[in-house]
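The shown structure was predicted, so the numbers you read here are calculated from the model rather than taken from an experiment. The analysis underlying the following values was restricted to heavy atoms, covering all of them including side chains, and did not include hydrogens, waters or symmetry mates. Lettering follows sequence order; numbering is per chain, from 1.
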There are 2 protein chains.
Amino acid sequence: MVTIKDVAKAANVSVTVVSKTLNGYSDVNEDTRRKVLKVAEELKYTPNMLAKNLKQKVTKSIALIFSNFERANGKDGVLFQIMSGIYAAAVDFKYEVVIYTRSLSEQQNISYWKFCKDHKIAGAVVTGLKTTDPYFQEIVNSDFPCVVLDTDLASEHTGSVSTDNVGAAKVAVEFLISKNHRKIGMINGHEFAVVSRQRLEGYKAALSEQDIDFDPTIVVNSDYSEESAYELADSYLQEHRDVTAIFFASDLMAIGFMNRCREIGVRIPEDISILGFDDIVLSSYTTPKLSTVRQNFHKLAYQACEQVIHILEKEEKGRHIMMPFKIVDRETIKEL
Amino acid sequence: MVTIKDVAKAANVSVTVVSKTLNGYSDVNEDTRRKVLKVAEELKYTPNMLAKNLKQKVTKSIALIFSNFERANGKDGVLFQIMSGIYAAAVDFKYEVVIYTRSLSEQQNISYWKFCKDHKIAGAVVTGLKTTDPYFQEIVNSDFPCVVLDTDLASEHTGSVSTDNVGAAKVAVEFLISKNHRKIGMINGHEFAVVSRQRLEGYKAALSEQDIDFDPTIVVNSDYSEESAYELADSYLQEHRDVTAIFFASDLMAIGFMNRCREIGVRIPEDISILGFDDIVLSSYTTPKLSTVRQNFHKLAYQACEQVIHILEKEEKGRHIMMPFKIVDRETIKEL
DNA sequence: ACGATAATCGAAAACGTTTTCGAACGAAGG
DNA sequence: CCTTCGTTCGAAAACGTTTTCGATTATCGT
C-alpha cells in the first residue's frame, strides 16, 4: 500500500504539500505541483478513503434504505429499477451506494438518526416507507439529508419524489370514461398508504368532473399484492355485475384479478375492462397484455438520488419532485 | 458524536480498557467490564467504523460486482434475486454490501486488485463475468477473497458457485425424451459462456445415453436475450420441421421464441414443445405457462457470499459449490 | 516476610489523512 | 538598509480507534 508519505518521500517534499496539491490548494508552486503529480502517478498512489473520511468526518456514500427484501419480493421488479436509478445517479456524482434493509424491529431498536451516523453515510434515499413506520416521523424532522420515494414530504433536509399519482389516476379513469365506461370500479392499495389516497383522489376527481356519481361500494382496499386481488375477485365480480371496468392501483393486483377471471370464465376485455398501474415487466407478458399507466421508476430513483446529493453538497432545501406518467393501452380495455 | 474517550472519562477508566471490554479482551476485571458496558449503553456509544477500519486495515463490507445495470436489464429478475441472496448472507454475518458495476472500459482503466484495495472491500462476489472480460484472468490468480457466480473456478482465494448446469441440462432433455421426444433442438446462449458449454454438454450426454444421434444442425447459439430468440424463430422453424421439442438455455429466449410462435400460428405445445432454463418470474405468467428447470438464484448467491466470508475469515480455500436444480413442468411440454 | 506469579490497567504509538499556523525566503517600497 | 508583504513550504496536531508492552497491584506458596 503506497501512502501519501511514500510519494512525499519520492518527490522530496513534505506530506503536507502532497496533500495540498492533491486537493487543489493554491499555496503550492507550479513546479512542485507537477513533480508531485508525476510521482503520484508513477507510484499509482490512491488516497486511503478511510483515513480521509475519518479526518473530514464525511463519506461519499449514499444509502438505499427499504423495509426488507422479502416484502419487496421482486416479482414486479420495481425495486430493481429503483436500485438501478439510484446507482446511475451515484456514479454520475461519484458516490458509492450501500444498501440497507431495516425491519420493523430494527427500526425500533436503533433510531434512524443514529443509524445514519453510525454507518457514516452522507445521505439516504428511502423507499417502501409506510406512514406508520417508526422511521417516518424521525425522517421528516431530521437534519439528515434524505429523500423518500412515493410521498410528498419536503423540509429543510428531506425531500421526496413520486409520480403524479392523483394526476395519473385522474387521466387513467378519464381514459376509461372516454371509452364510454360509466360504472368504473377501483381496487386500491393499503388505505393508509399515501399513494393509495392520492390515487383515490384522482379517481374521484375524474368522476366528478364528468358528472358521474361516486359509488363507494365499488372501490375496495386491498394490499397491492397479486394474491389479495386474486382472492377478492369472486365476491367483487358477484356483487358488482354492473361495473364495466376496474381501475387497479397496481399491476400486480390487476394480474391477480385477471388470473381469477380466466379461471372462472369471465373474459377480458369482453366482459370487463382492466386498467392497471405501474407498468411492471409482467404486464407486457400476460394474455391479454395489460393496459396500464406507466411509472418510470428508474428516472424517479435517479432524481431522488440526485436530490439528496444536491441537498448535501449544495445545501439545497428539500422539495417534492413530481414525475410524469404515461398511460399505455394494450389489450385489456374495450371500447363500449 | 460520543467517542470512546467520552465513555472512558465517564467510566473513570482509560480508553484502553474501554476498547478492550468492547472487543472482548480477557484482561479486564468483571466489575469494570460491567461498568464500562453500562456507561457505553447510557451514552449510546457506537464505535466509529472509519477509525476502527483505518486501524485494522480491514472493513466489513463485501462488494457485489457485475458488468452493468443496463445489460442486466432486470427483465428476468435474476440479478435482483442474487442481490437479495447476497444481502441476506451479509446481514447474517454482519457485513455490509456495496454494489459496483465495472464496465469494460472501467475494467481496462484500473485493475481488479487495485480497485478492491482502493475501495477497502473485504471480499467480492462477482457475477456476469465473461471469460473474455479483463477481470477474469486477474481474478483467478488474485489473492483477494472472491467468489464468482456461474463458473467453476477454484483457487487459493477465489471460489465459485453455480447450478449443476450439465446435470440440469441432462435431466432436462432426459425429461423431454421420457415424453417420447426424439428430435430435440437446442437454442443455446453465447458460445464462449461457460454455462452455455456446460448446458450443451448435458444435452449431448442425455442424447448419447439414450442412443439418439447428436445433430449439430439443430442446436444454434444465440445470446440469451428474448429478442434474439424471437428473431431466430422463423428460420429455425422453417428449416427444422422435424424437431418436436426445443430446449432453451434461458427462459427469456424461450419466451421470445414463443411470442413469435404465437404470431405465426404455431401452437405450443401442440405443434412444438418448449423447455426453458432458469424459472424466472415471467415464466409463470406466460400463456401457456413455461415449463423450465429452476435455478435458485437466491440460495446460490447466499452460498457465494457465505463462501467469501469463510475464505476471508476462516482462511478457507476457495472451492466450487454446485447447487441443485429442479425441473418444473408447466404447460409447454406435450407427451407424444 | 519474601519473591514469584497472575490479574488488571494505562501510556503511547500507530493507522493515513487534512489543516492550521508559523517559518523561511525573496522581492518590493521607502 | 530596513520593513513589509506575498509566496511557498513543513511541523505538528487532530480524527477515533486498536494494540503492544510495561507498570501496578493482589495473591500465594514457602
Looking at B:Tyr45, I'd like to know whether one of its side-chain N or O atoms comes within less than 4.0 Å of OP1 or OP2 on D:dT17. yes
Is there a donor N/O on one and an acceptor N/O on the other, under 3.5 Å, for the side chain of A:Ser14 and the base of D:dA11? no
Do the side-chain N or O atoms of B:Lys20 get closer than 4.0 angstrom to the phosphate oxygens (OP1, OP2) of C:dG10? no
Measure CD/B:Gln56 against C1'/D:dT20 and give the value in whole Å, please. 15 Å
Under 3.5 Å donor-acceptor pair, A:Asn53 side-chain atoms to D:dC15 base atoms: no
To the nearest angstrom, the CG-P distance between A:Leu50 and C:dG16 comes to 10 Å
Between A:Asn48 and C:dT17, is there a contact of a side-chain N or O with OP1 or OP2 at under 4.0 Å? no
Nucleotide of C:dC9, C:dT19, D:dT20 approaching B:Val17 most closely (side-chain heavy atoms): C:dC9
Please tell me whether B:Phe80 and B:Phe297 form a close aromatic pair, meaning their ring centres lie under 6.0 Å apart. no
Under 4.0 Å, counting only non-hydrogen atoms across every strand here, what does B:Thr3 touch: a base, just sugar-phosphate, or nothing? sugar-phosphate
Quick check for you: among D:dC9, D:dG16, C:dA11, whose closest atom lies nearest to any side-chain atom of B:Met1? D:dG16
note: A:Asn12, atom CG; D:dG10, atom C1'; distance rounded to Å ~ 13 Å
Determine, for A:Lys9 against A:Asp6, whether the closest basic-nitrogen to carboxylate-oxygen distance falls under 4.0 angstrom. no
Identify which nucleotide among C:dC15, D:dT19, C:dT17 has an atom closest to any side-chain atom of B:Lys57, counting heavy atoms from C-beta outward. C:dC15
Heavy-atom nearest nucleotide on DNA chain D for A:Val15 versus A:Thr32: which residue maps closer to 5'? A:Thr32
Separation of D:dA14 atom P from B:Leu54 atom CG, nearest Å, is 17 Å
Short question: side chain of B:Thr21, backbone of B:Arg33 - any donor-acceptor pair under 3.5 Å? no
When only distance counts, do a donor and an acceptor, one from the side chain of B:Lys55 and one from the base of C:dG16, lie under 3.5 Å apart? no
Does one side chain, of A:Tyr95 or A:Glu313, offer a donor that lies under 3.5 Å from an acceptor on the other? yes
Indicate, with a heavy-atom threshold strictly under 4.0 Å, whether B:Asp27 touches base, sugar-phosphate, or nothing. base
Quick one: is A:Ser19 getting a side-chain N or O under 4.0 Å of the C:dT17 phosphate, OP1 or OP2? no
Rounded to the Å, how far apart are B:Tyr25 OH and D:dC21 P? 12 Å
Hey, can you tell me if B:Phe115 and B:His119 have their rings parallel, tilted or perpendicular (30° and 60° cut-offs)? tilted
Take the angle between the ring planes of B:Phe144 and B:Tyr112 and call it parallel below 30°, perpendicular above 60°, tilted in between. perpendicular
Between atom NZ in A:Lys52 and atom P in D:dC15, what is the gap in whole Å? 19 Å
What is the distance, to the nearest angstrom, from the CE atom on B:Met49 to the P atom on D:dG16? 15 Å
Between atom CZ in B:Arg33 and atom C1' in C:dG10, what is the gap in whole Å? 17 Å
